[in-house]
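One structure is given here, and the rest of the page talks about it.
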2 protein chains.
Amino acid sequence: MTLNSADALFADRLAQRLPPDSLRAPEPRYLAEPRDRVQGQAGILALPRSAQDVSAILDEASRARVPVVPYGGGTGLVGGQVMPDGPLPLVLSLERMAAIRAVYPEENVLVAEAGAILADVQAAAREAGRLYPLSLASEGSCRIGGTLGSNAGGVNVLRYGTARELCLGLEAVLPDGRIWNGLTRLRKDNTGYDLRDLLIGSEGTLGVITAAALKLAPLPAAMGTALIVVPSPEAALALLALARAMVGEAVSAFELISGMGLHFLAETLPDLRQPWPAPPEWCVLVDLGLPRGLDPAEVLEDLFGEALEQGLASDGLIAQSQAQAMDFWNLREHIPEANRRIGSVSSHDISLPLGAVPDFIAAAPQALARLGAFRINCFGHLGDGNLHYNVFPAQGVARGVHDGVRDEVRRLVYDLVHRMGGSISAEHGIGRDKVNDLERYGDPVKLAAMRSIKAALDPQGILNPGAVLDTG
Amino acid sequence: MTLNSADALFADRLAQRLPPDSLRAPEPRYLAEPRDRVQGQAGILALPRSAQDVSAILDEASRARVPVVPYGGGTGLVGGQVMPDGPLPLVLSLERMAAIRAVYPEENVLVAEAGAILADVQAAAREAGRLYPLSLASEGSCRIGGTLGSNAGGVNVLRYGTARELCLGLEAVLPDGRIWNGLTRLRKDNTGYDLRDLLIGSEGTLGVITAAALKLAPLPAAMGTALIVVPSPEAALALLALARAMVGEAVSAFELISGMGLHFLAETLPDLRQPWPAPPEWCVLVDLGLPRGLDPAEVLEDLFGEALEQGLASDGLIAQSQAQAMDFWNLREHIPEANRRIGSVSSHDISLPLGAVPDFIAAAPQALARLGAFRINCFGHLGDGNLHYNVFPAQGVARGVHDGVRDEVRRLVYDLVHRMGGSISAEHGIGRDKVNDLERYGDPVKLAAMRSIKAALDPQGILNPGAVLDTG
């Protein structure tokens with residue numbers, strides 16, 4: 001199906017259906033993405049103030065067959081938010097729909113518009129004595145609509161689930177402009193197909209989320225944080241099982257950090273306080289959020305003691321203050337920045353069945369070695385089987401040296417992940433960056449079903465064309 | 001689209017593609033449902049042994065345009081499993097695909113075929129030192145495929161979620177016979193549209209689930225159970241908030257029981273041990289599953305003490321033994337049986353925003369009073385806002401007396417639920433019983449999207465015709 005550019009004529013027609021100042025030319029930041037790999041084209045930027053505005057925009061766009069790129073905080077890492085070629089798109093930013101519409105502390109529910117910044121939602125929840133648990137590196141700038149469109153993950157998925165599992169209801173506009181009012185605050189609602197979860201994770205290709213009812217959680221009575229040196233990834237997994245046998249869901253986060261990650265931090269961010277003079281090969285960052293009656297320091301000491309006994313740990317630091325806990329988390333949270341400064345050959349957001357994680361970590365470097373002398377920074381959400389498996393040049397070597405094998409590196413990592421029953425995108429999504437990979441590794445029956453669903457809900461193909469599916 | 005009966009010719013052709021003894025005439029039990037409201041027609045019963053068998057069946061059925069009714073344990077309460085009219089269907093029972101294919105205790109994952117009985121899955125998990133938390137009245141006979149097809153709920157949803165939230169991956173056969181291999185054990189997998197959640201809860205109208213990878217949980221270190229008398233539903237909700245502020249997710253179940261429910265038990269099942277000589281108006285049954293280091297009796301005493309102080313409780317019993325805990329649960333679990341023996345005028349599986357539950361409980365009896373002198377047994381999963389709101393004749397009055405107002409009773413209850421932002425089906429689904437209700441109360445944009453999706457994935461309309469959607 002041929003699409004048309006969002007030209008001046010289209011802009012004029014659309015402007016008549018929207019309040020003043022709803023349209024303008026997009027500034028460069030709307031056309032860039034964090035990894036600077038894809039450059040978007042300058043069409044029109046639309047800044048709706050209501051679901052009705054979004055409805056008018058999609059109605060006009062579907063009549064005119066103009067591509068629409070839904071835009072949240074612009075923090076996506078797979079190019080889902082920028083359209084580099086084809087007809088000029090309308091970029092639909094939800095930033096003016098940023099209200100927290102309501103908080104229901106007694107229901108553990110918060111209703112936010114799609115343009116609300118994640119950190120603002122977290123703050124509103126906390127103000128009401130509750131927790132909105134979604135937490136990720138870009139929380140200061142990413143927006144709720146984007147976290148849902150991409151089914152964002154982060155550090156607390158182990159306990160609280162991904163963005164999908166934290167959503168009760170949606171208000172969304174379908175490609176033809178109809179508004180679906182599915183903004184319920186219900187914990188259980190078995191009335192028909194799960195349109196909510198179909199839109200969540202569809203990366204703006206099936207509908208535009210305008211508001212969401214989000215699940216809150218009670219604030220844990222006490223928090224505890226520890227950094228524990230483990231002899232191996234196997235030991236890290238056994239330590240996680242031990243922790244969960246002791247305190248169940250109270251394990252809020254369980255992050256794997258490699259010695260290479262600590263080296264990278266020392267190399268690029270020397271002012272960050274490092275816990276050990278010589279980085280251990282592996283350590284884990286554990287967060288516990290405990291019920292009343294349990295003392296975090298005691299529980300962590302028990303855990304560490306048993307881990308020592310069972311050979312699952314060799315050293316460890318239990319945070320003695322909130323400040324020290326933040327120091328530990330600072331390390332973890334600066335790893336992506338250190339990675340950017342080093343400059344990767346290829347980065348991979350992958351997941352594996354938990355039991356296959358150690359095998360993968362053992363096998364991948366051996367396989368990669370035949371393509372070059374790489375440094376590997378493998379870190380991430382171990383409890384979810386989600387590794388950020390990033391491949392870098394040797395120290396002092398420019399990444400450009402490996403330009404010729406970049407695609408092979410990627411292929412090799414994904415081949416191995418696929419053979420082990422894993423996923424080539426754990427939490428970042430497909431965007432435009434992984435469309436070909438999804439065609440290669442995805443189940444063909446699922447892909448065919450996806451195409452059928454896309455054609456059924458967006459027959460003109462106007463929503464985020466080129467993202468997720470190659471529909472060309 | 002006209003469908004054809006599963007006749008002898010069709011059976012002959014299909015038999016050639018299946019192992020011997022895969023087809024026979026359905027016994028009466030496949031044509032009945034627990035509430036004896038709908039009588040199914042006798043077409044062919046197919047008993048596949050593998051996903052390949054299911055594939056052959058759906059391939060032939062789609063070529064011949066023969067309706068197929070997926071059949072689990074037959075325990076559904078909304079008639080989704082029996083087709084009362086139209087061409088004779090093929091009833092597709094998954095009962096021979098009942099294997100537990102694998103258990104991965106270290107991953108907290110179990111892979112079961114769709115025909116596995118829920119209780120067998122629970123037992124296999126427990127044998128591996130883990131918990132499969134889905135727990136409901138029919139667990140001894142319902143099958144995993146049915147629990148997923150209907151997104152079953154039950155008593156532990158508050159802590160662990162519905163069947164949907166307990167599923168990681170699916171193997172399923174689409175209406176044209178293609179097998180989707182989505183049986184991953186991954187906690188995170190953002191590779192395209194959420195086909196899994198689209199099939200879950202679609203009540204066999206979009207595909208036939210043949211196997212599932214299920215989430216297990218660690219067994220809590222200690223369990224505690226209490227039955228607490230509360231002055232009102234508001235107080236019950238405040239008590240729940242208090243419990244969750246104390247121990248967070250460790251509140252595994254929080255069930256509301258009405259004095260009428262206890263009366264019904266005394267009337268119909270006099271051998272059941274009752275906790276109080278005169279039933280209180282409201283009580284709650286609380287289950288805690290605690291981490292190591294917390295003593296259930298102590299925590300429950302603390303909770304009860306604070307509740308007394310805040311006026312949220314007036315009496316209470318903390319189970320002193322496993323046997324006593326089972327006595328308490330026996331009461332709760334026999335309420336549906338007592339209801340059956342009394343004989344309801346109309347039964348409603350509804351959900352409400354938590355904050356609206358007390359208002360609903362106050363308003364509904366007043367509204368119903370103008371239709372007759374009813375007894376109401378309101379009970380259920382309070383923590384989920386899910387009430388089983390069942391309306392009975394006055395003592396000594398035959399239910400037939402109210403035949404003339406049955407539809408009005410239903411309409412009145414659903415109107416009120418709808419006005420309060422609730423759902424007319426919390427956990428039982430739509431089946432055939434609530435198709436008209438869904439048309440009446442469902443969001444029209446969602447209904448249109450559902451029809452588009454149904455047409456896209458099942459263009460012939462062979463899968464469970466007449467269930468969920470009126471596609472005629």
Side-chain angles (χ1 to χ4, degrees), chain A residues 104 106-107 151 153 162 165 174 178-182 184-195 197-198 201-202 218 220 241 244-250 291-294 351 353-355 384-386 421 423-427 429-430 438 442-443 445-446 449-450 452-453 456-457 468, chain B residues 104 106-107 151 153 162 165 174 178-182 184-195 197-198 201-202 218 220 241 244-250 291-294 351 353-355 384-386 421 423-427 429-430 438 442-443 445-446 449-450 452-453 456-457 468:
Chain A
Y104 305 86
E106 77 286 1
E107 294 184 6
N151 186 26
T162 62
E165 289 149 288
L174 298 190
R178 286 174 305 166
I179 300 173
W180 170 43
N181 179 7
T184 71
R185 316 197 303 270
L186 305 171
R187 302 277 153 177
K188 282 180 173 172
D189 181 15
N190 277 349
T191 50
Y193 304 161
D194 188 2
L195 193 55
D197 284 316
L198 190 60
S202 70
R244 298 193 78 195
M246 286 173 66
V247 293
E249 294 95 329
R292 230 198 264 181
L294 289 179
S351 68
L354 273 191
D384 313 320
N386 177 192
S423 167
I424 58 155
S425 181
E427 58 178 11
I430 299 300
L438 181 60
D443 180 90
V445 174
K446 177 176 171 179
M450 285 170 59
S452 300
I453 292 166
L457 295 183
V468 184
Chain B
Y104 305 86
E106 77 286 358
E107 294 184 6
N151 187 26
T162 63
E165 289 148 287
L174 298 191
R178 287 174 303 167
I179 301 172
W180 169 42
N181 179 8
T184 70
R185 315 197 303 272
L186 304 173
R187 302 276 154 178
K188 281 181 175 172
D189 182 14
N190 276 350
T191 50
Y193 304 160
D194 187 2
L195 193 55
D197 285 316
L198 189 60
S202 70
R244 300 192 78 195
M246 286 174 66
V247 295
E249 295 96 327
R292 231 198 263 178
L294 289 179
S351 67
L354 273 191
D384 312 319
N386 177 192
S423 168
I424 59 156
S425 181
E427 58 177 11
I430 299 299
L438 181 59
D443 180 90
V445 175
K446 177 175 170 178
M450 285 171 59
S452 299
I453 292 165
L457 295 183
V468 185

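Below, read A as the first sequence line, B as the second, and so on, with proteins coming before strands; counting in each chain starts at 1. Just so it is clear, the model here is predicted, and its values are computed rather than measured.
Between B:Lys188 atom NZ and A:Asp384 atom CG the span is 4.0 Å, to the nearest 0.5 Å. Atom CG of B:Asn190 sits about 8.5 Å away from atom OG of A:Ser351, to the nearest 0.5 Å. Separating the OG1 atom in A:Thr191 from the CG atom in B:Asn151 is a distance of 10.5 Å, to the nearest 0.5 Å. Separating the CG atom in A:Asp189 from the CD atom in B:Glu427 is a distance of 12.0 Å, to the nearest 0.5 Å.
Proximity to chain A (any heavy atom under 4.5 Å) is restricted, for B:Val468, to the side chain, taken from C-beta onward. When heavy atoms are compared at a cutoff of 4.5 Å, A:Ala250 does not approach chain B at all. Contacts of B:Asn386 with chain A are made by side-chain atoms alone, with heavy-atom separations under 4.5 Å and no backbone atom involved. For chain A, the nearby part of B:Pro218 is the side chain; its heavy atoms alone come within less than 4.5 Å. In this structure, the portions of B:Ser202 lying under 4.5 Å from any heavy atom of chain A include both its backbone and its side chain. Contacts of B:Pro220 with chain A are absent, with no heavy-atom separation under 4.5 Å from either backbone or side chain. For B:Ile430, the parts sitting under 4.5 Å from any heavy atom of chain A are the backbone and the side chain alike. Contacts between B:Tyr193 and chain A at a heavy-atom distance below 4.5 Å involve backbone atoms as well as side-chain atoms. Interface residue B:Ala449: backbone and side-chain heavy atoms are both found under 4.5 Å from chain A.
Counting heavy-atom pairs under 4.5 Å between each of A:Ser423, A:Ala245, A:Ala456 and chain B puts A:Ser423 at the top. Taking B:Ile424, B:Thr184, B:Leu457 one by one and counting their heavy-atom pairs under 4.5 Å with chain A, the maximum is reached by B:Leu457. Of all the listed residues (A:Leu438, A:Val247, A:Leu294), the one sharing the greatest number of non-hydrogen pairs under 4.5 Å with chain B is A:Leu294. When A:Gly293, A:Gly153, A:Pro291, A:Gly182 are compared by the number of non-hydrogen pairs under 4.5 Å with chain B, A:Pro291 comes out ahead. Note on A:Arg185, A:Lys446, A:Arg244: by heavy-atom pairs under 4.5 Å with chain B, the leading option is A:Lys446. Most heavy-atom pairs under 4.5 Å with chain A, from the set B:Ser452, B:Gly429, B:Ala241, B:Ser425: that is B:Ser425. When each of B:Glu106, B:Met246, B:Arg187 is scored by its heavy-atom pairs under 4.5 Å with chain A, the top score falls to B:Met246. Options B:Gly248, B:Gly385, B:Gly355 differ in how many heavy-atom pairs under 4.5 Å they form with chain A, and the most are formed by B:Gly355. Most heavy-atom pairs under 4.5 Å with chain A, from the set B:Gly192, B:Gly421, B:Gly442: that is B:Gly192.
With sequence neighbours excluded, the residues that form a side chain to side chain contact (heavy atoms under 4.5 Å, CB included) with A:Leu354 are A:Leu237, B:Glu107. Not counting sequence neighbours, the partners of B:Arg178 by the salt bridge (Lys or Arg N to Asp or Glu O under 4.0 Å) test are B:Asp176.
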### Query
Where do B:Leu198 and A:Ile453 land on the side-chain contact (heavy atoms from CB on, under 4.5 Å) test, with the steps shown first?
CA-CA 11 Å; B:Leu198 189 60; A:Ile453 292 166; 3.6 Å; yes
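With no hydrogens or angles considered, no side-chain donor-acceptor pair links A:Asn181 and B:Asp443 at under 3.5 Å.
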